[in-house]
Amino acid sequence: MDDTPASNFLQTIIGDDIASGRVATVVTRFPPEPNGFLHIGHAKSISVNFGLAEANGGRCNLRFDDTNPEKESSVYIEAIVADVRWLGYQWDGDIRYASSYFQQFYDWAVYLIKENNAYVCDLNADEAREYRGTLTEPGRNSPYRERSVEENLDLLARMKAGEFAEGAKVLRAKIDMSSPNMNMRDPILYRIRKVTHHQTGNDWSIYPTYDFAHGQEDAIEGVTHSICTLEFEDHRPLYEWFLDHLPVPSRPRQYEFGRLNPSYTVTSKRKLKQLVDEQIVDGWDDPRMPTISGMRRRGYTAASIRRFCEMIGTTRSDGVVDVAMLEFAIREDLNENAVRGMCVLNPLKVVLTDYPEDKIETLSAPRHPNRDDLGERELPFTREIYIDADDFRGEANKKYKRLVLGKRVRLRNAYVIEADEVIKDDNGEITEIHAHTIPGTLGENPADGIKPKGVIHWVSVAQGVPAEVRLYDRLFNHEAPDKGDNMFMDHINPESLSIVTNAWIEPALAAASREQQFQFEREGYFVADRFDHSADKPVFNKTIGLRDTWVDG
RNA sequence: UGGGGUGUCGCCAAGCGGCAAGGCACCAGGUUUUGAUCCUGGCAUUCAGAGGUUCGAAUCCUCUCACCCCAGCCA
């Protein structure tokens with residue numbers, strides 16, 4: 001958005017087109033099919049399409065490629081619209097639908113028949129496959145290929161009228177059954193589907209295929225640069241064939257880029273849907289999902305997703321992007337902008353035996369270590385506090401910079417304390433620690449010169465608030481779960497979610513509003529859950545941990 | 001054994017005939033009341049490989065190799 005236009009091959013092409021006068025105004029489009037939620041791969045496409053339009057003073061349309069009603073639903077339309085908006089992009093004019101051009105497509109189909117460039121074929125799916133040939137053998141002409149224009153016109157009209165059963169007939173382009181490009185072997189333009197369409201209801205019983213719709217949609221909308229992913233490259237000759245043989249109002253051009261494949265994740269709507277359907281996750285917006293809505297709920301910001309897309313670039317090579325880059329993008333944003341707070345995930349009580357029982361000292365702590373503009377928060381200090389159980393050891397080596405029996409540690413934003421005694425129950429489990437404060441260490445080092453070895457976070461027992469914290473980890477424990485067909489189900493990380501129900505947060509955090517991001521110091525970045533969080537029952541999701549270079553656990 | 005693509009550091013990626021940007025990751029120091037941030041330094045005599053053209057090649061030519069996509073009435 002405020003970024004300088006990324007230099008990539010698409011920008012070069014567009015720059016040349018503008019310079020040569022081939023295009024006056026750049027028009028792109030983001031054309032999702034409403035058959036699932038948008039994921040991080042779509043975010044790249046959105047970033048490319050809207051970004052290129054924006055960088056070149058052009059426009060970008062949001063168009064639903066809704067040509068297959070069987071798999072689509074308006075539920076997805078609503079989710080997709082919300083996601084694009086949340087990412088921060090504004091499409092040109094109204095939302096478009098391929099389905100609103102259905103009559104035009106039909107008229108063009110009639111045109112093609114009249115030009116002897118299309119015919120109705122009665123081959124069923126199996127027969128058609130047989131006639132199509134293979135990658136190395138040419139196909140054979142359909143026995144229905146030479147029907148008369150009149151007969152084809154009549155048959156198409158009757159297909160439209162619903163006279164034939166699904167699968168009984170299709171309309172095909174008459175191109176070349178021996179083409180080495182499978183897409184040119186008399187591709188299907190229309191198939192019979194007697195289903196209700198989410199936009200057009202029962203108006204149609206035949207629906208155009210992607211190939212017979214896409215280029216024409218682009219032409220109707222005046223799209224100048226139709227940008228898609230690499231797997232459509234083989235369709236480009238067909239895309240152009242239709243533009244060549246139809247009286248379309250403009251001449252769009254298709255360009256392809258390599259799709260995004262983040263490591264440790266799957267980005268295939270089919271596979272994501274399977275995770276949802278089989279309840280491996282809680283829904284399309286589960287925080288472990290690589291969907292836009294899942295990432296949003298996880299605590300990713302729109303800015304970090306845009307930044308990530310910018311970092312990875314746009315090229316024609318397809319590789320796997322290390323998720324560490326995505327993690328870097330969100331840490332970078334949150335480090336700069338997230339308010340700090342303290343949360344104890346695994347509470348261990350510490351009693352400060354020298355501290356008065358009823359005393360509540362209201363300390364003040366900065367909301368951010370390097371940003372004074374974010375101000376300060378009140379931080380109550382009391383005799384009993386919780387620290388994380390991992391932050392105490394009876395004894396430890398010099399590398400351990402936390403609380404050790406007989407040693408000192410600094411309580412973040414408060415006093416230096418020294419551990420005196422470990423209290424255990426009958427089973428030998430530690431129940432609490434007795435310690436004492438070192439006077440005069442509020443904002444100062446100990447007067448005796450014995451500096452604490454480390455800093456740990458804490459929360460007042462009496463003034464803190466219980467909270468639920470959902471700890472997320474990657475959904476897959478394999479770098480490339482997408483490899484192989486259904487193998488990805490074998491690589492599910494069984495520990496991708498663990499819920500901490502007895503976390504303890506400082507009062508300032510209980511005042512969080514939904515979707516507000518924080519850094520729980522020394523733990524990571526967390527967000528108040530978009531749906532489940534409330535002041536009465538705080539719920540936080542772990543977005544990502546802090547970078548941890550500490551060796552020796 | 002058809003057609004279409006891609007190969008530059010562990011990952012992403014600039015480079016488009018003049019002598020290998022940058023980011024992520026990693027490593028080593030410094031600062032630090034977050035083992036975070038921040039700061040400093042390190043990290044491809046080499047561009048899939050082999051030939052060739054040229055004063056000079058990652059960039060041009062030739063061949064080879066590897067990987068990806070295409071045989072949905074999905075997009």
Side-chain angles (χ1 to χ4, degrees), chain A residues 7-8 12 31-33 35 65 67-68 70-71 121 123-125 128-130 132-139 166-172 178-185 187-193 206-207 209-211 213-214 228-237 256 258 260 263 269-270 310-329 331-332 335-336 340 342 365 368-370 399-402 409-416 441-445 451-452 454-457 519-525 545-552:
Chain A
S7 166
N8 59 53
T12 302
E33 185 192 11
N35 65 345
D65 234 336
T67 56
N68 185 8
E70 277 182 317
K71 293 182 178 170
C121 180
L123 255 27
N124 65 34
R129 187 180 313 115
E130 200 179 309
R132 194 156 33 231
T134 68
L135 294 177
T136 52
E137 300 160 29
E166 288 191 8
K169 287 179 166 43
V170 293
L171 181 72
R172 304 174 71 176
S178 64
S179 171
N181 182 342
M182 301 295 289
N183 296 303
M184 300 301 271
R185 320 242 264 226
I188 289 167
L189 275 46
Y190 269 102
R191 69 286 216 193
I192 299 170
R193 285 290 176 279
I206 56 174
Y207 292 94
T209 54
Y210 163 85
D211 285 311
H214 211 90
C228 58
T229 42
L230 251 23
E231 67 269 27
F232 290 100
E233 192 155 21
D234 288 343
H235 293 246
R236 195 169 65 221
E256 312 84 19
L260 166 65
S263 58
K269 276 195 266 188
R270 203 204 94 229
E310 181 189 301
M311 281 171 70
I312 60 175
T314 310
T315 70
R316 287 177 59 82
S317 66
D318 50 1
V320 173
V321 173
D322 194 336
V323 280
M325 259 199 246
L326 220 203
E327 297 177 346
F328 170 82
R331 283 196 188 104
E332 182 184 48
N335 173 56
E336 178 70 22
R340 312 288 134 124
M342 292 192 282
H368 190 112
N370 331 305
K399 287 166 105 176
Y400 187 78
K401 297 165 60 176
R402 312 177 191 185
V409 78
R410 162 134 249 145
L411 293 178
R412 177 70 167 158
N413 297 126
Y415 297 93
V416 171
T441 52
L442 215 49
E444 305 285 343
N445 278 321
K451 296 213 285 193
V455 182
I456 64 174
H457 58 287
Q519 183 196 102
F520 290 175
E521 289 189 286
R522 299 211 315 129
E523 291 289 356
Y525 297 99
L546 254 26
R547 181 163 167 269
D548 188 4
T549 53
W550 183 46
V551 284
D552 175 29

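Every chain is numbered from 1, with letters handed out A, B, ... down the list of sequences. Source: prediction; values computed, not measured.
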Peer 1: Just jot down the salt bridge (charged side-chain N to carboxylate O under 4.0 Å, His left out) partners of A:R193, sequence neighbours excluded, or say none.
Peer 2: A:E70
Peer 1: Is the A:H235 ring parallel, tilted or perpendicular to the A:Y210 ring (thresholds 30°, 60°)?
Peer 2: perpendicular
Peer 1: Going by the glycosidic torsion and a 90 degree boundary from 0, is the base of B:rG15 oriented syn or anti?
Peer 2: anti
Peer 1: Which residue, A:Y525 or A:V321, contacts RNA chain B at a nucleotide closer to its 5' end, judged by nearest heavy atom?
Peer 2: A:V321
Peer 1: Using the C1' atom on both, measure B:rG23 against B:rC60 and round to a whole Å.
Peer 2: 31 Å
Peer 1: So A:V416, base contact, sugar-phosphate only, or nothing? Heavy-atom distance under 4.0 Å.
Peer 2: nothing
Peer 1: Can you tell me the Watson-Crick or wobble partner of B:rU37, both distances under 3.5 angstrom?
Peer 2: none
Peer 1: Classify A:G139 by what it touches in the nucleic acid, base, sugar-phosphate, or nothing, heavy-atom distance under 4.0 Å.
Peer 2: nothing
Peer 1: Please name the nucleotide paired to B:rG22 by Watson-Crick or G-U wobble geometry with both distances under 3.5 Å, or report none.
Peer 2: B:rC12
Peer 1: If you look only at distance, which donor and acceptor atoms sit under 3.5 Å apart when one is on a side chain in residues 311-319 of chain A and the other is two or more places apart or in another chain?
Peer 2:
from   : atom 1 : to     : atom 2 : distance (Å)
A:T315 : OG1    : A:S317 : N      : 3.2
A:T315 : OG1    : A:S317 : OG     : 3.1
A:R316 : NH1    : A:E256 : O      : 3.2
A:R316 : NH1    : A:E256 : OE1    : 3.1
A:R316 : NH2    : A:E233 : OE1    : 3.1
A:R316 : NH2    : A:E233 : OE2    : 2.4

Peer 1: Looking only at N and O atoms, is any donor in the side chain of A:R236 or the base of B:rG4 less than 3.5 Å from an acceptor on the other one?
Peer 2: no
Peer 1: Go through B:rG35, B:rA13, B:rU37 for me and flag the one nearest to the A:N335 side chain.
Peer 2: B:rU37
Peer 1: Using nucleotides 70-75 of chain B, report all nitrogen or oxygen pairs with the protein that are shorter than 3.5 Å.
Peer 2:
from   : atom 1 : to     : atom 2 : distance (Å)
B:rA71 : O2'    : A:R132 : NE     : 3.4
B:rG72 : OP2    : A:R129 : NE     : 3.4
B:rG72 : OP2    : A:R132 : NH2    : 3.1
B:rC73 : OP1    : A:R132 : NH1    : 3.4
B:rC73 : OP1    : A:R132 : NH2    : 3.3
B:rC73 : OP2    : A:R132 : NH1    : 3.3
B:rC73 : O2'    : A:R193 : NH2    : 2.1
B:rC73 : N3     : A:G167 : O      : 3.4
B:rC73 : N4     : A:L123 : O      : 2.7
B:rC73 : N4     : A:A125 : N      : 3.3
B:rC73 : N4     : A:G167 : O      : 2.9
B:rC74 : OP1    : A:R193 : NH2    : 3.4
B:rC74 : OP2    : A:R191 : NE     : 3.1
B:rC74 : OP2    : A:R191 : NH2    : 2.9
B:rC74 : O3'    : A:R191 : NH2    : 3.0
B:rC74 : O2'    : A:N68  : ND2    : 3.0
B:rA75 : OP1    : A:T67  : OG1    : 2.7
B:rA75 : OP1    : A:R191 : NH1    : 3.4
B:rA75 : OP1    : A:R191 : NH2    : 2.8
B:rA75 : OP2    : A:Y210 : N      : 3.0
B:rA75 : N6     : A:H235 : NE2    : 3.1

Peer 1: At 4.0 Å (heavy atoms only), tell me whether A:M311 reaches a base, stays on the sugar-phosphate, or touches nothing.
Peer 2: sugar-phosphate
Peer 1: What's A:S263 touching, base or sugar-phosphate or nothing? Going by heavy atoms closer than 4.0 Å.
Peer 2: nothing
Peer 1: Counting only side-chain heavy atoms from C-beta out, which of B:rG10, B:rU37, B:rG35 sits nearest to A:T549?
Peer 2: B:rG35
Peer 1: What is the base-pairing partner of B:rU46, counting Watson-Crick and G-U wobble geometry with both distances under 3.5 Å?
Peer 2: none
Peer 1: Check every atom of B:rG5, B:rA14, B:rG35 against the side chain of A:R316 and return the nucleotide holding the closest atom.
Peer 2: B:rG5
Peer 1: Checking base pairs now: Watson-Crick or wobble, both atom distances under 3.5 Å. What partners B:rC67?
Peer 2: B:rG5
Peer 1: Just checking A:L326: base, sugar-phosphate only, or nothing, at a heavy-atom cut-off of under 4.0 Å?
Peer 2: nothing
Peer 1: By the 4.0 Å heavy-atom rule, please label A:R340 as base, sugar-phosphate, or nothing.
Peer 2: base
Peer 1: Between B:rC12 and B:rG7, how far apart are the two P atoms, rounded to whole Å?
Peer 2: 11 Å
Peer 1: With rounding to the closest Å, how many angstrom separate the P atoms on B:rC43 and B:rA50?
Peer 2: 25 Å
Peer 1: Among B:rA13, B:rG35, B:rA25, which nucleotide has an atom closest to any side-chain atom of A:K399?
Peer 2: B:rG35
Peer 1: Quote, to the nearest angstrom, the C1' distance that separates B:rU62 from B:rG22.
Peer 2: 34 Å
Peer 1: Pick base, sugar-phosphate or nothing for A:R185, based on heavy-atom distances below 4.0 Å to the nucleic acid.
Peer 2: nothing
Peer 1: Is the base of B:rU34 touched by the side chain of A:Q519 through a donor-acceptor pair closer than 3.5 angstrom?
Peer 2: yes
Peer 1: When you get a sec, tell me which of B:rG4, B:rA25, B:rG2 is the closest nucleotide to the side chain of A:E233?
Peer 2: B:rG4
Peer 1: For B:rU37, does either OP1 or OP2 sit under 4.0 Å from a side-chain N or O belonging to A:R547?
Peer 2: yes
Peer 1: Name the residue closer to the 5' end of RNA chain B, choosing between A:T12 and A:E137 according to the nucleotide with the nearest heavy atom.
Peer 2: A:E137
Peer 1: Searching all strands shown, indicate the nucleotide that pairs with B:rC60 (Watson-Crick or G-U wobble; both distances under 3.5 Å).
Peer 2: B:rG52
Peer 1: Roughly how many Å apart are B:rC47 and B:rU8, using the C1' atom of each and rounding to a whole number?
Peer 2: 4 Å
Peer 1: Has A:T315 got a side-chain N or O lying under 4.0 Å from the OP1 or OP2 atom of B:rA13?
Peer 2: yes
